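Structure first, then comments.
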Amino acid sequence: MMSSNSLLQRLAKWCPWLLRDEPKKPVKVLVTGAAGQIGYAIVAMIARGLMLGADQPVVLHMLDLPVAANALNGVRMELIDAALPLLRGVVATSDQAEAFKGVNVAILIGGWPRKDGMERKDLISKNVTIYKSQATALQQHAAPNCKVLVVANPANTNALVLKEFAPAIPAKNITCLTRLDHNRALGQVAEKLNMHIGDVKNAIIWGNHSSTQFPDASHATVLTDRGERPVGELVADEKWLREEFVTAVQQRGAAVIKARKQSSSLSAASAACDHMRDWILGTPKGTWVSMGVYSDGSYGVPEGVFYSFPVTCEKGEWSVVKGLEIDDFARSKMETSATELKEEKSIAYEFL
């Protein structure tokens with residue numbers, strides 16, 4: 001017969017909410033662009049606990065343009081039909097005030113997409129208008145300590161616009177997504193070494209979520225039968241690490257578009273969940289992840305831009321990993337991306 005302690009342990013593993021004196025209050029999570037492909041993929045992930053934990057109830061706030069109202073209502077109906085125990089409510093709207101009201105977490109996927117022939121300046125100008133408006137809604141209606149993740153490109157500069165026009169939200173609470181690039185880097189290493197991706201850790205994405213980003217495997221390790229080993233030691237191919245690996249990660253999004261005729265959706269949604277989960281629940285000991293955050297000058301990166309750094313997270317706060325050795329090759333790549341971000345900032349400020 002199973003002992004009472006064993007039974008409690010099993011309950012704690014599979015149904016942790018049953019052992020709480022007080023059930024957790026639902027967290028309000030906003031997803032903008034929710035009728036789009038990434039939005040459609042992520043809302044079910046959130047409602048299944050993949051972002052905030054298997055015992056955290058959520059109320060989903062979904063925002064999209066009026067032209068997508070029917071599609072958005074279809075997403076709402078599917079969420080209800082999925083009978084998800086953690087889902088305690090759904091708000092589907094095209095009204096920003098209603099969408100942002102009281103939200104604790106905001107996943108900002110909606111934005112103006114880059115179209116053929118569009119200059120980067122044009123893309124920035126379109127998104128400055130969108131994110132200035134959303135910053136106002138965030139400032140006026142979101143919960144005071146709302147955590148924000150910008151997914152829509154140009155993600156780093158969109159995050160900067162939010163920071164400028166939502167001063168009630170601490171800068172440390174605004175981030176942008178480079179976790180997809182981070183995950184892609186881990187995947188490239190795992191494939192190269194024919195290892196399980198769960199055994200690879202501590203790659204880094206430095207800089208902008210653009211083609212100037214620098215995927216860096218020089219500090220990454222792999223768990224082997226002989227313990228953790230540096231990726232550089234196992235690969236032993238500097239050309240691959242500095243050229244093929246970097247290019248493969250930088251161009252992975254384009255490769256996905258070429259293959260499926262649509263941009264990355266499933267992987268982007270999964271990465272956004274990873275980003276928020278680690279930020280709120282914490283990174284595993286000895287592991288860092290890549291997040292686009294407001295620069296404090298670490299590693300010589302200029303202040304005043306959102307830049308991707310290696311970070312660890314604990315108790316809902318992120319901290320840049322300090323003291324990593326940066327060689328001349330890496331420094332050059334990091335500075336190129338920083339220069340691009342300063343140029344984007346200058347362009348964005350023309351339209352603010």
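Everything quoted here is computed from the prediction, not taken from an experiment. The chain is numbered in sequence order, starting from 1.
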Go through the structure and list residues passing salt bridge (charged side-chain N to carboxylate O under 4.0 Å, His left out) with E243, not counting sequence neighbours.
->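 Applying salt bridge (charged side-chain N to carboxylate O under 4.0 Å, His left out) to E243 gives K239.
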Does R252 have any salt bridge (charged side-chain N to carboxylate O under 4.0 Å, His left out) partners at least two apart in sequence or in another chain, and if so, which?
->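 Result, salt bridge (charged side-chain N to carboxylate O under 4.0 Å, His left out) vs R252: none returned.
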Report yes if the side chains of [X] and [Y] come closer than 4.5 Å at any heavy-atom pair, otherwise no.
| X | Y | value |
| --- | --- | --- |
| V90 | V59 | no |
| L52 | V29 | yes |
| I124 | P154 | yes |
| L86 | Q56 | no |
| T175 | V150 | no |
| H209 | S308 | no |
| V321 | V311 | no |
| L241 | V231 | yes |

Tell me if the [atom1] atom of [X] is crowded by more than 12 foreign heavy atoms within 6.0 Å.
| X | atom1 | result |
| --- | --- | --- |
| W112 | CH2 | no |
| R88 | CZ | yes |
| D81 | CG | yes |
| K322 | NZ | yes |

Could you name each residue pair satisfying salt bridge (charged side-chain N to carboxylate O under 4.0 Å, His left out) that touches residues 305-320, not counting sequence neighbours?
->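 Checked against salt bridge (charged side-chain N to carboxylate O under 4.0 Å, His left out) - neighbours excluded - the pairs reaching residues 305-320 are K172-E317.
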Scan residues 195-210 for pairs that pass salt bridge (charged side-chain N to carboxylate O under 4.0 Å, His left out), counting only residues two or more places apart or in two chains.
->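 Sorted result for residues 195-210: K201-E228.
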Between R242 and D327, is the closest basic N to carboxylate O distance under 4.0 Å?
->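 Yes, D327 and R242 are salt-bridged.
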Salt bridge or not for R331 and D216, using N-O below 4.0 Å?
->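 Here R331 does not pair with D216 in a salt bridge, since their nearest N and O are not under 4.0 Å apart.
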Are [Y] and [X] connected into the same hydrophobic cluster when the rule is that any two of I, L, V, M, F, W, Y join if their side-chain heavy atoms are below 4.5 Å apart?
| X | Y | value |
| --- | --- | --- |
| L324 | V246 | yes |
| L65 | M62 | no |
| L84 | I80 | no |
| I205 | F309 | yes |
| L177 | M45 | no |

Can you check whether D328's main-chain N or O pairs, donor with acceptor, with S332's side chain at less than 3.5 Å?
->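 Flag not set: sc S332 to bb D328 has no pair under 3.5 Å.
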Could you tell me whether a side-chain N or O of T224 sits under 3.5 Å from a main-chain N or O of G227, the two making a donor and an acceptor?
->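 The answer is yes, because a donor-acceptor pair under 3.5 Å joins these two groups.
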Heavy-atom pair with the smallest gap, counting every atom of [X] and [Y]:
| X | Y | result |
| --- | --- | --- |
| S337 | T212 | OG-OG1, 2.9 Å |
| K147 | G316 | CE-O, 3.1 Å |
| A272 | M51 | O-CE, 4.0 Å |
| S211 | Q250 | O-NE2, 3.2 Å |
| A41 | A269 | CB-CB, 3.8 Å |
| S263 | I257 | CA-CG1, 3.6 Å |

So Y307 and W206, would you call those rings parallel, tilted or perpendicular, with 30° and 60° as cut-offs?
->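 It falls in the tilted class, 30° to 60°.
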I would like to know whether E350 and S125 meet side chain to side chain contact (heavy atoms under 4.5 Å, CB included); could you show each step before the answer?
-> CA-CA 8 Å; E350 292 177 20; S125 70; over 6 Å; no
Starting at OG of S265, measure out to CD1 of I42 and round the result to the nearest 0.5 Å.
->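 Rounded to the nearest 0.5 Å, the OG-CD1 separation comes out at 11.0 Å.
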Euclidean distance, I347 CD1 relative to K342 NZ, rounded to 0.5 Å =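 Answer rounded to 0.5 Å: 14.0 Å.
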Tell me the ring-ring contact (aromatic ring centres under 6.0 Å, His included) pairs involving residues 239-278, sequence neighbours left out?
->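 Every ring-ring contact (aromatic ring centres under 6.0 Å, His included) pair that includes a residue of residues 239-278, provided the two are not neighbours, is W240-F245, H275-W279.
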Can you tell me which residue pairs pass the ring-ring contact (aromatic ring centres under 6.0 Å, His included) test with a partner in residues 324-348, sequence neighbours excluded?
->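 For residues 324-348, and leaving out neighbouring residues, the ring-ring contact (aromatic ring centres under 6.0 Å, His included) pairs sorted by first residue read F214-F329.
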Name the one of N202, V320, D278, T283 that satisfies side-chain contact (heavy atoms from CB on, under 4.5 Å) with W288?
->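 The single option meeting the side-chain contact (heavy atoms from CB on, under 4.5 Å) with W288 is N202.
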Got a list of side-chain donor-acceptor pairs under 3.5 Å for residues 95-104, not counting sequence neighbours?
{"unit_1": "D95", "atom_1": "OD2", "unit_2": "A97", "atom_2": "N", "d": "3.4"}
{"unit_1": "D95", "atom_1": "OD2", "unit_2": "E98", "atom_2": "N", "d": "2.8"}
{"unit_1": "Q96", "atom_1": "NE2", "unit_2": "S133", "atom_2": "O", "d": "3.4"}
{"unit_1": "Q96", "atom_1": "NE2", "unit_2": "S133", "atom_2": "OG", "d": "3.0"}
{"unit_1": "E98", "atom_1": "OE1", "unit_2": "T93", "atom_2": "OG1", "d": "2.8"}
{"unit_1": "N104", "atom_1": "OD1", "unit_2": "K28", "atom_2": "N", "d": "2.9"}

Please determine, by modelled atom types, if S210 and E340 share a side-chain donor-acceptor pair under 3.5 angstrom.
->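 Yes - a donor-acceptor pair under 3.5 Å links their side chains.
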Does any donor atom in the side chain of N208 or Q213 lie under 3.5 Å from an acceptor atom in the other side chain?
->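 No, no side-chain donor-acceptor pair sits under 3.5 Å.
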Which atom pairs, one a donor and one an acceptor, fall under 3.5 Å between side chains of residues 66-79 and the rest of the protein, sequence neighbours left out?
{"unit_1": "N73", "atom_1": "OD1", "unit_2": "R76", "atom_2": "NE", "d": "2.8"}
{"unit_1": "N73", "atom_1": "OD1", "unit_2": "R76", "atom_2": "NH2", "d": "3.0"}
{"unit_1": "E78", "atom_1": "OE1", "unit_2": "Y40", "atom_2": "OH", "d": "3.4"}
{"unit_1": "E78", "atom_1": "OE2", "unit_2": "Y40", "atom_2": "OH", "d": "2.7"}

Please assess I130 against Q134 for the test side chain to side chain contact (heavy atoms under 4.5 Å, CB included), listing each intermediate value before the final yes or no.
-> CA-CA 6 Å; I130 293 169; Q134 293 197 353; 4.1 Å; yes
L30/V105 under side chain to side chain contact (heavy atoms under 4.5 Å, CB included): CA gap, chis, key distance, verdict | CA-CA 6 Å; L30 167 66; V105 173; over 6 Å; no
I'd like a table of donor-acceptor pairs (distance under 3.5 Å, sequence neighbours excluded) in which one partner is a side-chain atom from residues 183-192, with atom names and distances.
{"unit_1": "N183", "atom_1": "OD1", "unit_2": "R179", "atom_2": "NE", "d": "3.1"}
{"unit_1": "N183", "atom_1": "ND2", "unit_2": "D274", "atom_2": "OD2", "d": "3.1"}
{"unit_1": "R184", "atom_1": "NH2", "unit_2": "S264", "atom_2": "OG", "d": "2.9"}

Got a sec, which residues hit ring-ring contact (aromatic ring centres under 6.0 Å, His included) with H61, two or more places apart in sequence or on another chain?
->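 Testing H61 for ring-ring contact (aromatic ring centres under 6.0 Å, His included), a comparison that skips the adjacent residues, returns none.
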Can you run down the side-chain hydrogen bond (donor to acceptor under 3.5 Å, both in side chains) pairs that involve residues 155-170, sequence neighbours left out, and say none if there aren't any?
->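 Qualifying pairs, neighbours excluded: T157-E344, K163-Y294, E164-Y349.
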Side-chain donor-acceptor distances from residues 135-145 under 3.5 Å, at least two apart:
{"unit_1": "T136", "atom_1": "OG1", "unit_2": "K132", "atom_2": "O", "d": "3.2"}
{"unit_1": "Q139", "atom_1": "OE1", "unit_2": "A168", "atom_2": "N", "d": "2.8"}
{"unit_1": "N145", "atom_1": "OD1", "unit_2": "N173", "atom_2": "ND2", "d": "2.9"}

Take Y131 and L160, measure what side chain to side chain contact (heavy atoms under 4.5 Å, CB included) needs, and give me the verdict at the end.
-> CA-CA 9 Å; Y131 277 81; L160 181 63; over 6 Å; no
